[in-house]
Colleague: 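Okay, handing you the structure first.
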Amino acid sequence: MSMVEKLPTKLTRGSRYRLTLALGGGGTLEVMGEFVGYLQYGSDMALTMRIEGGALRVVPSRSVLFLDILDAKEEEKEERTKESEVYFG
């Protein structure tokens with residue numbers, strides 16, 4: 001690996017990951033798919049993955065033991081327009 005190679009520093013939409021999840025009783029489960037985004041439910045956060053067949057799977061972040069990066073996409077810069085800004089006065 002060269003020093004010039006840029007490594008991913010965050011999960012990005014459209015990237016493919018293989019997650020290994022902790023199950024009760026010491027077991028594990030593998031989930032492979034495309035990262036769609038984050039989902040907050042209550043005080044917890046989850047990863048939303050598009051799995052084979054197009055279904056969306058919501059994975060509580062606290063259950064992720066580790067993940068493998070299969071295909072990392074570049075982060076898309078969000079262009080902010082003046083119309084989308086909110087001012088409080």
Side-chain angles (χ1 to χ4, degrees):
M1 180 181 319
S2 80
M3 295 295 284
V4 179
E5 183 178 357
K6 186 175 179 184
L7 299 174
T9 58
K10 62 175 101 176
L11 301 181
T12 54
R13 287 189 175 125
S15 294
R16 294 191 47 78
Y17 301 98
R18 178 177 34 237
L19 309 176
T20 300
L21 311 176
L23 300 177
T28 61
L29 173 69
E30 265 192 13
V31 174
M32 201 166 18
E34 175 189 341
F35 178 68
V36 177
Y38 295 99
L39 175 82
Q40 182 171 355
Y41 60 101
S43 62
D44 293 326
M45 291 295 292
L47 309 175
T48 305
M49 305 291 292
R50 185 176 317 280
I51 58 175
E52 191 174 313
L56 294 177
R57 175 158 295 163
V58 176
V59 178
S61 59
R62 66 175 176 234
S63 68
V64 178
L65 290 175
F66 59 89
L67 59 87
D68 298 317
I69 302 169
L70 304 176
D71 178 33
K73 300 291 184 195
E74 288 288 323
E75 182 179 2
E76 294 178 10
K77 298 286 184 189
E78 199 173 295
E79 293 288 327
R80 298 193 107 194
T81 62
K82 200 140 183 91
E83 292 81 32
S84 67
E85 294 178 7
V86 177
Y87 296 95
F88 296 95

Colleague: If the condition is side chain to side chain contact (heavy atoms under 4.5 Å, CB included), which residues does Glu52 pass it with, not counting sequence neighbours?
Modeller: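 Side chain to side chain contact (heavy atoms under 4.5 Å, CB included) check on Glu52 returns nothing, list empty.
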Colleague: Do Leu23 and Met49 belong to the same hydrophobic cluster, where Ile, Leu, Val, Met, Phe, Trp and Tyr are linked whenever their side-chain heavy atoms lie under 4.5 Å apart, directly or via other members?
Modeller: yes
Colleague: Are Leu67 and Met45 co-members of a hydrophobic cluster defined by side-chain heavy atoms under 4.5 Å apart?
Modeller: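 Hydrophobic grouping puts Met45 with Leu67.
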Colleague: Counting only pairs under 3.5 Å, give me each side-chain donor-acceptor contact of residues 29-44, with atom names and distances, residues two or more places apart or in other chains.
Modeller:
from, atom 1, to, atom 2, distance (Å)
Gln40, NE2, Gly42, O, 3.2
Asp44, OD1, Arg62, NH1, 3.2
Asp44, OD2, Arg62, NH1, 2.7

Colleague: Do Ile51 and Val64 share a hydrophobic cluster, counting only Ile, Leu, Val, Met, Phe, Trp and Tyr and linking them when any side-chain heavy atoms are less than 4.5 Å apart?
Modeller: yes
Colleague: Which atom names give the shortest non-hydrogen contact between Ala72 and Pro8, and what distance separates them?
Modeller: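 Scanning both residues completely, I find the closest heavy atoms to be CB-CG, 3.9 Å.
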Colleague: Using every non-hydrogen atom in the two residues, find where Ser15 and Lys73 come nearest and quote the distance to one decimal.
Modeller: OG-N, 2.7 Å
Colleague: Test side chain to side chain contact (heavy atoms under 4.5 Å, CB included) on Ile69 and Tyr17; report intermediate values, then the result.
Modeller: CA-CA 5 Å; Ile69 302 169; Tyr17 301 98; 3.8 Å; yes
Colleague: List the residues meeting side-chain hydrogen bond (donor to acceptor under 3.5 Å, both in side chains) with Arg16, not counting sequence neighbours, and say none if there are none.
Modeller: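 Per chain and number, Arg16 pairs via side-chain hydrogen bond (donor to acceptor under 3.5 Å, both in side chains) with no residue.
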Colleague: Mind checking what makes side chain to side chain contact (heavy atoms under 4.5 Å, CB included) contact with Ser63, not counting sequence neighbours?
Modeller: Leu21, Val59, Pro60
Colleague: According to salt bridge (charged side-chain N to carboxylate O under 4.0 Å, His left out), who are the partners of Arg50, at least two apart in sequence or on a separate chain?
Modeller: none
Colleague: Should side-chain heavy atoms under 4.5 Å link Ile, Leu, Val, Met, Phe, Trp and Tyr, which residues sit in the same cluster as Leu65?
Modeller: Phe66
